[in-house]
2 protein chains.
Amino acid sequence: MQNIKVAVDAVVFGYNSKDGLQVLLIKRKVAPFKDSWALPGGLVGDDESLEDAIQRELKEETGVNINYLEQLYSFGKPNRDPRNRVISITYYGLVRPDEFEIKADTDAAEVAWFNSKKLPQLAFDHREILTAAHERLKGKILYQPIGFELLEKKFPFSDLEKLYMAVLDRAIDRRNFKKKVLKYGFLEQTTEKQAHDGAGRPGNLFSFDVDKYYQLQKQGINFEI
Amino acid sequence: MQNIKVAVDAVVFGYNSKDGLQVLLIKRKVAPFKDSWALPGGLVGDDESLEDAIQRELKEETGVNINYLEQLYSFGKPNRDPRNRVISITYYGLVRPDEFEIKADTDAAEVAWFNSKKLPQLAFDHREILTAAHERLKGKILYQPIGFELLEKKFPFSDLEKLYMAVLDRAIDRRNFKKKVLKYGFLEQTTEKQAHDGAGRPGNLFSFDVDKYYQLQKQGINFEI
DNA sequence: TCAAAAGTGTTTGAACTACACCCATGT
DNA sequence: ACATGGGTGTAGTTCAAACACTTTTGA
């Protein structure tokens, strides 16, 4: 009789122009790795789909409800959990941190956003999972417009640039980037201007038109940065 | 107490220029889906890694030993197996069909290669898995030189073209394709010529130089068709 | 008036596409 | 000699990369 448990864990990315790319972590309040930071997640219910399970765990442990969620990879080394055999099916998700309050709940002592470049020690093999998620995000953002899941509905163009620079961790030429993105035609320039956050000229706000994107996609355009 | 079983299944692709792109299937000799064709696979042992499990199952069920193997996706809908809850972690692999004999063994009544465009009805959600594997292969072959895992050590250039056409299911310009591939510099033209299989001018044989590929990759080249 | 961030256009080279004729071999 | 498949080059166009100055605002 097989004796393996099935868990789901998620790497939830958030972004804002002030704090850059962030990851949502919980502090464990039980052994093993008590008081370590870890990815939110938990065991899958017997009659629950994997997606339902991770959404439930995220809600329970962090208060987050996620719009973009994608399966990442399944980790199954026999000893990745010191107690017993657990395979973890991992997901990564994208959220706008300002849309809700995070709050610890049943299984977590604490919840917090960490800058993706200043992460603490993590429990289990969660660092490896996080690295894989970041790599996947880097790759995917180049050919699917998932970056918009991380931005407000209306955003100054510079936010999009900064997001791409934060995710890809490299400089991007402002003019070429803008040309490239705008040529796809799914960004709408609103009449509004950015509310200032200090000095500098306020930028025009843009919005991502999902319907237009699907429509253009049907006509055969291919988003690639 | 959680009651979920963990299985692994694999989509094994083979290729030769005569039969095109093929997939390895087994005929089930037990219910459910008795006598249906299915992907090779089975339950993971308690102390076995996922990769070990799928390699073992492939060996047991088909006699195949695989060089290129990559995790694909995990399927976990509650009712995908009519008996009880089974989640399947799926892999896809690439082999050269001529390198070994396939033979049915313990759990399989029969093993056979099927042309990827002429597949039979499949058990469970295996058709969905196969489609996902083919899509992944299509995508991956465009930016990683995994196609060579499907060819003999020495091959005429036309085999590579035909392979790409079979995988991508579209026509490719012969001259442009050759230019593109050769510019990377990891293909070596041998002094040998193709043994004829009927009429036509025999082509030069090429070989893929893995070491050179890694070396070039370190220097920063990026394979992309 | 100065500092900070947004806005914008051109030039140059590289890469991709389209395309057709000759060559070596077997029958 | 003919049928089959292998081998090859060029011209035109499109796309990517490099690059710097002006404008608007707050302090």
Side-chain angles (χ1 to χ4, degrees), chain A residues 15-20 141-143 151-152 154-166 168 170-185 187-207 216 219-225, chain B residues 16-20 141-143 151-152 154-166 168 170-207 216 219-225:
Chain A
Y15 177 81
N16 67 49
S17 53
K18 196 167 88 281
D19 305 306
I141 204 172
L142 292 175
Y143 65 94
L151 297 176
E152 309 290 321
K154 295 176 182 176
F155 52 87
F157 208 91
S158 60
D159 266 22
L160 188 64
E161 291 159 28
K162 286 183 217 149
L163 166 61
Y164 269 81
M165 291 195 273
L168 300 175
R170 60 179 167 86
I172 290 178
D173 183 271
R174 198 148 46 100
R175 287 164 289 186
N176 292 336
F177 180 75
K178 194 164 181 178
K179 253 180 292 179
K180 247 192 216 173
V181 174
L182 286 183
K183 80 158 188 263
Y184 290 108
L187 280 195
E188 190 124 357
Q189 182 170 342
T190 70
T191 56
E192 297 170 62
K193 285 198 186 302
Q194 187 181 18
H196 328 130
D197 49 341
R201 174 176 175 173
N204 299 312
L205 296 184
F206 288 79
S207 67
L216 290 166
Q219 290 167 32
I221 70 133
N222 237 26
F223 178 74
E224 262 178 57
I225 293 298
Chain B
N16 67 48
S17 51
K18 196 165 89 282
D19 305 307
I141 204 173
L142 291 175
Y143 65 94
L151 297 176
E152 309 289 321
K154 295 175 182 176
F155 53 88
F157 208 91
S158 60
D159 267 22
L160 189 63
E161 292 158 27
K162 286 182 216 150
L163 166 61
Y164 269 80
M165 290 196 275
L168 299 176
R170 59 178 167 88
I172 290 177
D173 183 89
R174 195 149 49 98
R175 287 164 289 186
N176 292 337
F177 180 74
K178 193 164 182 178
K179 253 181 294 179
K180 246 192 216 174
V181 175
L182 286 182
K183 80 156 187 266
Y184 291 107
F186 50 65
L187 280 196
E188 191 123 356
Q189 182 170 339
T190 70
T191 56
E192 297 170 62
K193 285 197 187 303
Q194 187 180 19
H196 328 129
D197 50 341
R201 174 177 176 173
N204 299 312
L205 295 185
F206 288 80
S207 66
L216 290 166
Q219 291 167 32
I221 69 134
N222 238 26
F223 178 75
E224 264 178 55
I225 295 297

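What you see below is based on every heavy atom in this structure, not just the backbone, and it leaves out hydrogens, waters and symmetry mates. Nothing here was measured: the structure is a model prediction, and the numbers come from that model.
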- Item | Whether B:Gln194 side chain and B:Pro202 backbone form a donor-acceptor pair below 3.5 Å |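 Not at all, since once roles are kept as given, no pair shorter than 3.5 Å links the two residues.
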- Counting only N and O atoms by type, is there a donor-acceptor contact under 3.5 Å from the side chain of A:Tyr164 to the main-chain atoms of A:Leu142? no
Quickly work out the [X] [atom1] to [N] [atom2] distance and round it to whole Å.
X        : N      : atom1 : atom2 : value
B:Arg170 : C:dT17 : CZ    : C1'   : 13 Å
B:Asn222 : D:dA16 : CG    : P     : 15 Å
B:Phe206 : D:dG6  : CZ    : P     : 12 Å
A:Arg174 : D:dC19 : CZ    : C1'   : 12 Å
A:Asn204 : C:dA5  : CG    : P     : 17 Å
B:Asp173 : D:dT8  : CG    : P     : 14 Å
B:Lys180 : C:dA14 : NZ    : P     : 18 Å
A:Phe177 : D:dC15 : CZ    : P     : 18 Å

- Message: Both A:Lys179 and B:Glu161 contact DNA chain D. Taking the nearest nucleotide for each, which residue is further toward the 5' end?
- Response: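 Its nucleotide being nearer the 5' end, the pick is B:Glu161.
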Regarding [N], can its base be found pairing with the side chain of [X] as donor and acceptor, where the two atoms are less than 3.5 Å apart?
X        : N      : answer
A:Lys193 : D:dT23 : no
A:Lys183 : D:dT14 : no
A:Asn176 : D:dA18 : yes
A:Arg175 : D:dA20 : yes

- Return the orientation label for the B:Phe206 and B:Phe157 ring planes: parallel under 30°, perpendicular over 60°, tilted otherwise.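 Because their plane-to-plane angle is over 60°, the rings of B:Phe206 and B:Phe157 count as perpendicular.
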- Item | Trace of the side-chain contact (heavy atoms from CB on, under 4.5 Å) decision for B:Asn222 with B:Tyr143 | CA-CA 8 Å; B:Asn222 238 26; B:Tyr143 65 94; over 6 Å; no
- Message: Does D:dT8 have its OP1 or OP2 closer than 4.0 Å to a side-chain nitrogen or oxygen of B:Lys178?
- Response: yes
- Verify the contact: side-chain N or O of A:Ser158 to OP1 or OP2 of C:dA6, cut-off strictly under 4.0 Å; return yes or no. yes
- When rounded to the nearest 0.5 angstrom, what is the spacing between OG1 in A:Thr190 and NZ in A:Lys154? 5.5 Å
- Item | Of B:Arg201 and B:Ile225, the one whose closest DNA chain C nucleotide lies more 5' |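 Taking each residue's closest nucleotide, the earlier one in sequence belongs to B:Ile225.
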